[in-house]
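Below is one structure, written out as structure tokens; comments come after it.
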Amino acid sequence: MREYYSITELTREFDISTRTLRFYEDEGLLRPMRKGRTRLFRPADRHLLKQILRGKRLGFSIAEIREIINMYREPPGEVGQLNLMLKTIEQKREELRQKRRDLEETLNELDRAEESCIERLAELGVST
């Protein structure tokens, strides 16, 4: 296992911009070591970045990701983090279910509007 990763190595590995990586640092999610102006990321930082990006893919906000990370760093530790993660996952799942219901309702409304337009065009003697 490597001792350090450069910002360039991590941006290439995870296909993100240096600006994104610096943003996560500015937000306090990552804390790389510094050697002069050079940022040196430890394997733990690399793992944390992987988890941050996973959280973003799952739709977690930066605040939610920060809460989960901070819980791991302080008591109640990993157990608290895992419980919070389960709670957050369920909330995200319910948000997605609601969005699905909203989309289905919107699609049904569009179907009805389309049918009305077709019927009215037929009444007017216009074929579609």
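These values consider heavy atoms only, across backbone and side chains, with no hydrogens, waters or symmetry-generated copies. Remember, predicted model here, so these are calculated numbers, not experimental data.
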Check your understanding: Honestly curious: do I7 and F14 fall in one hydrophobic cluster under the side-chain, below-4.5 Å linking rule?
Key -> yes

Check your understanding: Are any non-hydrogen side-chain atoms of L53 and L49 less than 4.5 angstrom apart?
Key -> yes

Review point. Restricting to pairs with a member in residues 47-61, which pass salt bridge (Lys or Arg N to Asp or Glu O under 4.0 Å), not counting sequence neighbours?
Key: none

Practice item. Return each pair, listed once, that meets side-chain hydrogen bond (donor to acceptor under 3.5 Å, both in side chains) where at least one residue sits in residues 103-118; pairs must be two or more places apart or across chains. Key: none

Point to revise | Which residues share a side chain to side chain donor-acceptor pair (under 3.5 Å) with T8, sequence neighbours left out | key: none

Revision key, fill the gap. The salt bridge (charged side-chain N to carboxylate O under 4.0 Å, His left out) partners of K92 (sequence neighbours excluded) come to E64, E95

Check your understanding: Does D45 use its side chain to pair, donor to acceptor, with the backbone of R42 at less than 3.5 Å?
Key -> yes

Check your understanding: If every non-hydrogen atom of L29 is compared with every non-hydrogen atom of L48, which pair is closest and at what distance?
Key -> O-CD2, 3.0 Å

Review point. Looking at residues at least two apart in the chain, or sitting in another chain, which of them share a side chain to side chain donor-acceptor pair (under 3.5 Å) with Q98?
Key: R101, D102

Study note, to complete from the structure: Connected to L40, directly or through other members, by ILVMFWY side-chain contacts below 4.5 Å are Y4, M33

Review point. Going only through I, L, V, M, F, W and Y residues with side-chain contacts under 4.5 Å, is there a path from L96 to M85?
Key: no

Exercise for review: Go through the structure and list residues passing salt bridge (charged side-chain N to carboxylate O under 4.0 Å, His left out) with R31, not counting sequence neighbours.
Suggested key: none

Practice item. May I have all residue pairs that pass side-chain hydrogen bond (donor to acceptor under 3.5 Å, both in side chains) and include part of residues 18-28, sequence neighbours excluded? Key: S17-T20, T18-R22, E25-R34, E25-R39, E27-R66

Check your understanding: How about F23 and L30: do any of their side-chain heavy atoms sit closer than 4.5 Å?
Key -> no

Point to revise | Pairing residues for E9 by the side chain to side chain contact (heavy atoms under 4.5 Å, CB included) criterion, not counting sequence neighbours | key: R2, Y5, S6

Check your understanding: Just wondering, are more than 12 heavy atoms of other shown residues or ligands nearer than 6.0 Å to CZ in R97?
Key -> yes

Exercise for review: Look up atom CG in L84 and atom CD1 in I68, then write down how far apart they are to the nearest 0.5 Å.
Suggested key: 5.0 Å

Point to revise | Rounded distance (nearest 0.5 Å) linking atom OG1 of T88 with atom CG of N83 | key: 10.5 Å

Practice item. With the side chain counted from C-beta on, respond yes when I69 and I52 share a heavy-atom pair under 4.5 Å apart, and no when they do not. Key: yes

Review point. Can E90 and K87 be counted as an ion pair, charged N to O under 4.0 angstrom?
Key: no

Exercise for review: Only counting residues at least two apart or in another chain, list the ones meeting salt bridge (charged side-chain N to carboxylate O under 4.0 Å, His left out) with R37.
Suggested key: none

